[in-house]
There are 2 protein chains.
Amino acid sequence: MVAEKQVKALSERTLRRLPRYIEILKRLKSEKIEFVSSNMIADELGLDSIQVRKDLAATGVTGKPKLGFAIDELINGIKHTLNWDNQTDAFLVGAGSLGSALLGYKTFSDHGLNIIAAFENEPSKVSGIINNITILPIEKLSDMAFRMKVHIGVITVPIDQAQHVADMMIEGGIRAIWNFAPIHLKVPDFVIVENAQLSHSLGVLTHKLAESLKGENK
Amino acid sequence: MVAEKQVKALSERTLRRLPRYIEILKRLKSEKIEFVSSNMIADELGLDSIQVRKDLAATGVTGKPKLGFAIDELINGIKHTLNWDNQTDAFLVGAGSLGSALLGYKTFSDHGLNIIAAFENEPSKVSGIINNITILPIEKLSDMAFRMKVHIGVITVPIDQAQHVADMMIEGGIRAIWNFAPIHLKVPDFVIVENAQLSHSLGVLTHKLAESLKGENK
DNA sequence: TTTATATCGATAAAAATATATCGATAGGTG
DNA sequence: CACCTATCGATATATTTTTATCGATATAAA
Ligand SMILES: NC(=O)c1ccc[n+]([C@@H]2O[C@H](COP(=O)([O-])OP(=O)(O)OC[C@H]3O[C@@H](n4cnc5c(N)ncnc54)[C@H](O)[C@@H]3O)[C@@H](O)[C@H]2O)c1
Ligand SMILES: NC(=O)c1ccc[n+]([C@@H]2O[C@H](COP(=O)([O-])OP(=O)(O)OC[C@H]3O[C@@H](n4cnc5c(N)ncnc54)[C@H](O)[C@@H]3O)[C@@H](O)[C@H]2O)c1
């Protein structure tokens, strides 16, 4: 009965804000600041300080009256909450232009993700190496995922291949899929899918811009 | 007084779901289906049919009892709501690995975005061409944005350059920024910032996976 | 033509999320 | 040492978002 310190349930909204706090906290830390108030964080990010305190409460870290939160403790607490304090191995499928950019991005290791291999369809790409990550033939995906107990899969293949790749991942025991293809994947309940779909964010942008410009021209 | 058909206000949540509807609708259309019920869409995406109806109502498109919604009309209505029925010119700054992937992605034109030029710091990259888009020296950014009345800027430079680039964009009259750098940009009220930050989505994934695996090991 | 029913869309209720209020307290100030 | 104040964190309120209920209606079948 090794009960973790009981923290309040984390809403998805809170979860999405936590990385933003880390961003600010790291900067303040580099400026040698040791304590930060919820107000300061809120100001930096354009949020409400009560909301910041609630979010932080969800990580289990507590502050001190008059002082605020200890930055180091807070960074660690948030990272722990996100499971960013240890890396989870992942496979990426589809070393095309987007996939290659992701393979080359070193910062993911700070965010709990360790891409240990990539897989490809295209023979000419197989055996290539990007950022020390080898590209393997797609046929090996399921077996290797299973043997190496890899739990995260990143999908960067074209839309018409995405469901098929997801199925292979699940067959190999992958439990969480980070999907960049603009398609709704059908997966069993125990598989977590997180869509990183740029078009959703782009839609918000184009809509708001149109509204804003409309208002302007009378 | 050319009043547009009055539609209900669009919440950000709704706005983010609209592209998903388009995705489904396009597929159904390719299967020669002409009408679709809110229930069918909801099933495809794992949503609630009432929510789908509410979202669609926000686009101003109405359905018919017993039949549902006319797919073509619905696609057009959603595109119009997102302002995806015409393209807005954009500049991209930072033709690195992520920037290049975006420059090469043809599908953005279906999503209202037309990247007409890219800008770079690095002399060796200037004058390059990716997907027919020329890479220009960063010094020209503000002037050209102003002269060409470009309203959207895409930021794919390293974190420490992002605020500076944003400032140059705003100086050039850019009104909406699609930001890929993991930093909170400070901009005037009239500028719209939409963050396409992968770490937010990754945090949700790593947290949920950890919870899920924890539950499993008793 | 009449009837049955799938589906919409308006209104109402419930749930989730954000914001406000306020007492408690650590630490600085006189 | 006693007081003042910034800040936390618990509780309460307000707002937003989701989900439920139900009457209206267009189509298809009887
Ligand atoms: N490039 C972007 O900026 C961008 C932006 C948003 C979304 N996306 C999405 O990301 C995905 C990839 O885009 P991209 O531009 O990198 O495309 P891409 O064509 O450059 O890369 C796709 C890669 O997947 C490989 N592939 C295809 N089928 C495969 C299979 N069955 N198994 C293994 N590998 C396979 C291809 O060989 C190719 O290398 C697409 O779904 C796209 O819609 C891309
Ligand atoms: N690569 C990824 O997968 C990935 C994922 C998530 C976020 N990001 C973010 O996207 C941004 C770009 O990442 P990247 O991997 O493409 O980096 P990169 O180094 O490959 O590209 C950055 C480019 O910006 C250019 N640049 C730098 N300063 C500039 C300036 N002042 N004006 C014009 N151009 C300038 C550089 O010459 C370079 O070509 C970073 O902020 C990164 O954190 C990247």
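Every chain is numbered from 1 and lettered A, B, ... according to where its sequence line falls, protein lines coming before strand lines. Note that the coordinates shown come from a computational prediction; the quantities given were computed from them, not determined experimentally.
Rounded to an integer number of Å, the gap from Phe69(A) CZ to dT7(D) C1' is 9 Å. Between the P atom of dT18(D) and the CG atom of Leu10(B) lies a distance of 13 Å, rounded to the nearest Å. Straight-line distance from the CZ atom of Arg16(A) to the P atom of dA18(C): 13 Å, rounded to whole Å.
For Glu44(A), the salt bridge (Lys or Arg N to Asp or Glu O under 4.0 Å) partners at least two apart in sequence or on another chain are Arg27(A), Lys186(B). The ring-ring contact (aromatic ring centres under 6.0 Å, His included) test applied to Phe69(B) returns no partner, not counting sequence neighbours.
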Output one letter per nucleotide in nucleotides 19-30 of chain C: B when a protein non-hydrogen atom lies under 4.0 Å from the base, S when only the sugar-phosphate is that close, - when neither is. BBB---BBB---

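With hydrogens and angles left out, the side-chain atoms of Asn83(A) and Thr206(B) include no donor and acceptor closer than 3.5 Å. Counted by atom type alone, Asp167(A) and Gln163(A) present one or more donor-acceptor pairs between their side chains at under 3.5 Å. Using modelled atom types, one finds no donor on one side chain facing an acceptor on the other under 3.5 Å when comparing His200(A) with Arg20(B).
Remark: Arg13(A) is in phosphate contact with dA18(C), judged by side-chain N or O atoms under 4.0 Å from OP1 or OP2.
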Side-chain donor-acceptor distances from residues 90-107 of chain B under 3.5 Å, at least two apart:
unit_1    : atom_1 : unit_2    : atom_2 : d
Ser100(B) : OG     : Ala95(B)  : O      : 3.3
Ser100(B) : OG     : Gly96(B)  : O      : 2.6
Lys106(B) : NZ     : Asn131(B) : OD1    : 2.8

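The backbone N or O of Leu205(B) lies less than 3.5 Å from no partner atom in the side chain of Glu194(A), so there is not a single donor-acceptor pair.
Note on residues 159-179 of chain B: pairs passing ring-ring contact (aromatic ring centres under 6.0 Å, His included), not counting sequence neighbours, are Phe108(B)-Trp178(B), Trp178(B)-Phe180(B).
Residue Thr14(A) is classed as having no contact, given no heavy-atom separation below 4.0 Å to the nucleic acid. Heavy atoms of Ser49(B) sit nowhere under 4.0 angstrom from any nucleic acid atom.
For residues 30-40 of chain B, proximity to DNA chain C is found at Ser37(B), Ser38(B), defined as any non-hydrogen atom under 4.0 angstrom from a strand atom.
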